[in-house]
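Report on one structure; see the data block that follows.
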Protein chains: 2
Amino acid sequence: MVKLTDVAAKAGCSVTTVSRVINNYGYISQKTRKKVHEAMRELNYQPNSVARSLQGKKTKLIGLIFPDVSNPFFGELVSKIEDQLFNHGYKTILCNAGSDTEKERTYLQMLMANQVDGIIAGAHNLGIEEYQRTGLPIVSFDRKLSDNIPIVSADNFKGGSLATQELYNHGARHIYFVGNPTLDGHPTQKRLLGYKETIKELQLTEHIHPVIFNETLALKEMAIKDLLENHKVDGIVASDDLTALLIMNISHELGIKIPKDLKIIGFDGSKVVRDFEPRLSTIVQPIPSIAQLLVKLLEKRIDNPTEKLDNYTYYLPVELLKRESSGN
Amino acid sequence: MVKLTDVAAKAGCSVTTVSRVINNYGYISQKTRKKVHEAMRELNYQPNSVARSLQGKKTKLIGLIFPDVSNPFFGELVSKIEDQLFNHGYKTILCNAGSDTEKERTYLQMLMANQVDGIIAGAHNLGIEEYQRTGLPIVSFDRKLSDNIPIVSADNFKGGSLATQELYNHGARHIYFVGNPTLDGHPTQKRLLGYKETIKELQLTEHIHPVIFNETLALKEMAIKDLLENHKVDGIVASDDLTALLIMNISHELGIKIPKDLKIIGFDGSKVVRDFEPRLSTIVQPIPSIAQLLVKLLEKRIDNPTEKLDNYTYYLPVELLKRESSGN
DNA sequence: TTGTAGGCGTTATCAA
DNA sequence: TTGATAACGCCTACAA
């Protein structure tokens, strides 16, 4: 490993000088600057960022804590965030927490130990305190952690409302909300609230059919089959696209025609789902904007950790994508 | 940030002693060991891994270079790798290289500078030399980099062959290979070879219809429409599942019945595609095994960089998943 | 404009 | 069984 002293020796000057030209700091004569650059090139010198970090500089490492990139929505979101971070000179440490509290806790420890410059939190098995205790700049996706941690999310409430209205507009009157019904500040909760309010406005009856997010496929299928076979339903607002796809598949199996007999709309609108299931109507989250805002806020926090923000809650607009499954 | 000296002060001993109990190294009396542990707990001490790394220890950081986690296949693969790495005590630096040579090169630099312990390379815009030059332990997914870099991949040749045979068994006689036809050692190349050989064995005529991987959706759709409208085709081996899905969708639009008029089979078999498009036949890559083997090999390289392996090429068995789209 | 030297938090060597 | 102290590679007062 070639180091500063090697470059200095080669260039015939002191390490200070070399350090100065690397960091563009203080006065340097053109001549020495050039000599140093040459030496660096010849030796193929690469500053050791570990040493740099130790000395007090930033690590330029950001921890990303999300449930799982094998889910297309999180895959795309993480991908966009990684790209933004890269453009800002940061490296991404990927932490798939799943629904594993212990893993998330361990990762939090590791991120502290590794002196990451900040954290983007998108998995939420852990409570506020554990995150606070890191003392690191944090921004959160889709869930409130505490008053002084900025949270970015799509306008889930509006999305739930738009989805419900869309089904109504196409004639559905027995509209179910299908998905995770948890009340713990989970993002789908707001989607459900949007659904509920719109149902009330439309003077319909609300129906909630739970399909738990981290259950097995078979259990989900069973729950959906039960819904379709034993309930009077002509419209479904799914809590997310994957659930919507499942419902479409099972409807097909059961001979239920979409959208004739049953109208359905999903939520998330990742590019993969949009491109490869063109019949599914959905509420599209603005993934690129979410990524951009998360990174922007985090960088602001890093550069100025104590500065109060004028806003700690950001709702990004969603978009209704009308397709066949909802009656178009 | 509480450090070793703080713990030492609290415990009433020297930093050496504290370091010793942390690393379980040398002789320590039970009494002091206990005192130190207490002090650590009280101060909530967390070793600084940056300092540790500088001093010569491993960073326990691994760089993952892959095209893009928003693709379900890579999303799942990266997810599994991350999990394996976590279980082995490593942190994952995620590098989505896309098809961007410059970004990949920059990431390689960063990984060197960050002193990662090793690299798992799954994107391949760059040549061998750039990877060799890092001097880091490397294992590769799905593409040969050089003689002394282990490569892990699914048995793509066998997969291409199985797929072709499956369509034939269900009556297809005009079987096309649709996808990336590049000849540069890209994994789909072997799938194509498997297709070709089987076509020959079956005494059919081979047909290759290029649909370039990183073209836009619209261009891909155009190419597929052209195929379906202007060619006599009753079977398609797609180079990957997403291409297969596209073909299924366009067939639907054009009123072509699957599998009656056209049989089709994909490649990859990520969990998302398997679970949410249950009609698609496909060749399933053993993603968890691939992840496990990659990590195992990498760790071996890290622990013993000079040791020769008895094998540098690993083909993991694929599985034919028979469903409706190929005629079942 | 350049160089010397001390320190970042840990580990490792050598004495005690 | 314990403790000074010198590295690790870099940055940055402070001096020259």
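Residue numbers start from 1 in every chain, and the chains themselves are labelled A, B, ... in the order their sequence lines are given, proteins ahead of strands. This is a predicted model, so every value here is computed, not measured. Just so you know, these numbers use all the heavy atoms, side chains as well, and skip hydrogens, waters and symmetry mates.
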Side chain to side chain donor-acceptor pair (under 3.5 Å) between B/Thr16 and B/Ser19, worked out:
CA-CA 5 Å; B/Thr16 315; B/Ser19 178; over 6 Å; no
Side-chain ([X]) to main-chain ([Y]) donor-acceptor, under 3.5 angstrom:
X        : Y        : value
A/Ser140 : A/Arg143 : yes
B/Arg301 : B/Glu307 : yes
B/Asn48  : B/Val50  : yes
A/Tyr314 : A/Asn311 : yes

Those residues of residues 23-44 of chain B lying under 4.0 Å from DNA chain C by at least one heavy atom:
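Nucleic-acid contacts, sorted: B/Asn23, B/Tyr25.
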Enumerate the residues from residues 111-119 of chain A whose closest heavy atom to DNA chain C is under 4.0 Å, giving them by residue number; use none for an empty result.
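Contacts with DNA chain C under 4.0 Å: none.
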Could you walk me through whether A/Leu61 and A/Thr92 pass the side chain to side chain contact (heavy atoms under 4.5 Å, CB included) check?
CA-CA 6 Å; A/Leu61 243 26; A/Thr92 299; over 6 Å; no
Using the ring of B/Phe86 (Phe, Tyr or Trp, six-membered ring only), decide whether A/Lys103 places NZ or CZ under 6.0 Å from its centre and within 45 degrees of its axis.
yes
State, yes or no, whether a side-chain contact exists between A/Leu94 and A/Val78 at a heavy-atom distance under 4.5 Å.
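Yes, their side chains come closer than 4.5 Å.
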Find out whether B/Thr32 and B/Val21 are in side-chain contact, i.e. whether some heavy atom of one side chain is under 4.5 Å from a heavy atom of the other.
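Sidechains of B/Val21 and B/Thr32: no contact.
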Run the salt-bridge test on B/Arg105 and B/Glu102 with the 4.0 Å N-O cut-off and return the result as yes or no.
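The answer is yes: the pair qualifies as a salt bridge.
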B/Asn148 and B/Ser146: CA distance, side-chain angles, deciding distance, side chain to side chain donor-acceptor pair (under 3.5 Å) verdict:
CA-CA 6 Å; B/Asn148 53 0; B/Ser146 91; 2.6 Å; yes
First and last nucleotide of DNA chain C touching chain B, 5' to 3', heavy-atom cut-off 4.0 Å?
C/dG9 to C/dC14
Between the side chains of [X] and [Y], is a donor N or O closer than 3.5 angstrom to an acceptor N or O?
X        : Y        : result
B/Tyr131 : B/Glu104 : yes
B/Asp142 : B/Asn156 : yes
A/Glu82  : A/Tyr90  : no

Suppose the criterion is side chain to side chain donor-acceptor pair (under 3.5 Å): which pairs have a residue in residues 62-76 of chain B, not counting sequence neighbours?
A/Ser79-B/Asp68, B/Asp68-B/Ser70
Could you tell me whether B/Thr17 contacts a base, only the sugar-phosphate backbone, or nothing, with contacts defined as non-hydrogen atoms closer than 4.0 Å?
sugar-phosphate
Taking N or O atoms only and anything under 3.5 Å, show me the protein contacts with nucleotides 14-16 of chain D, one pair per line.
none

Heteroatom pairs (N/O) under 3.5 angstrom, protein to nucleotides 5-8 of chain D:
from	atom 1	to	atom 2	distance (Å)
D/dC8	O2	B/Gln55	N	3.4

Are A/Arg52 and D/dC11 close enough that a side-chain N or O sits under 4.0 Å from OP1 or OP2?
yes
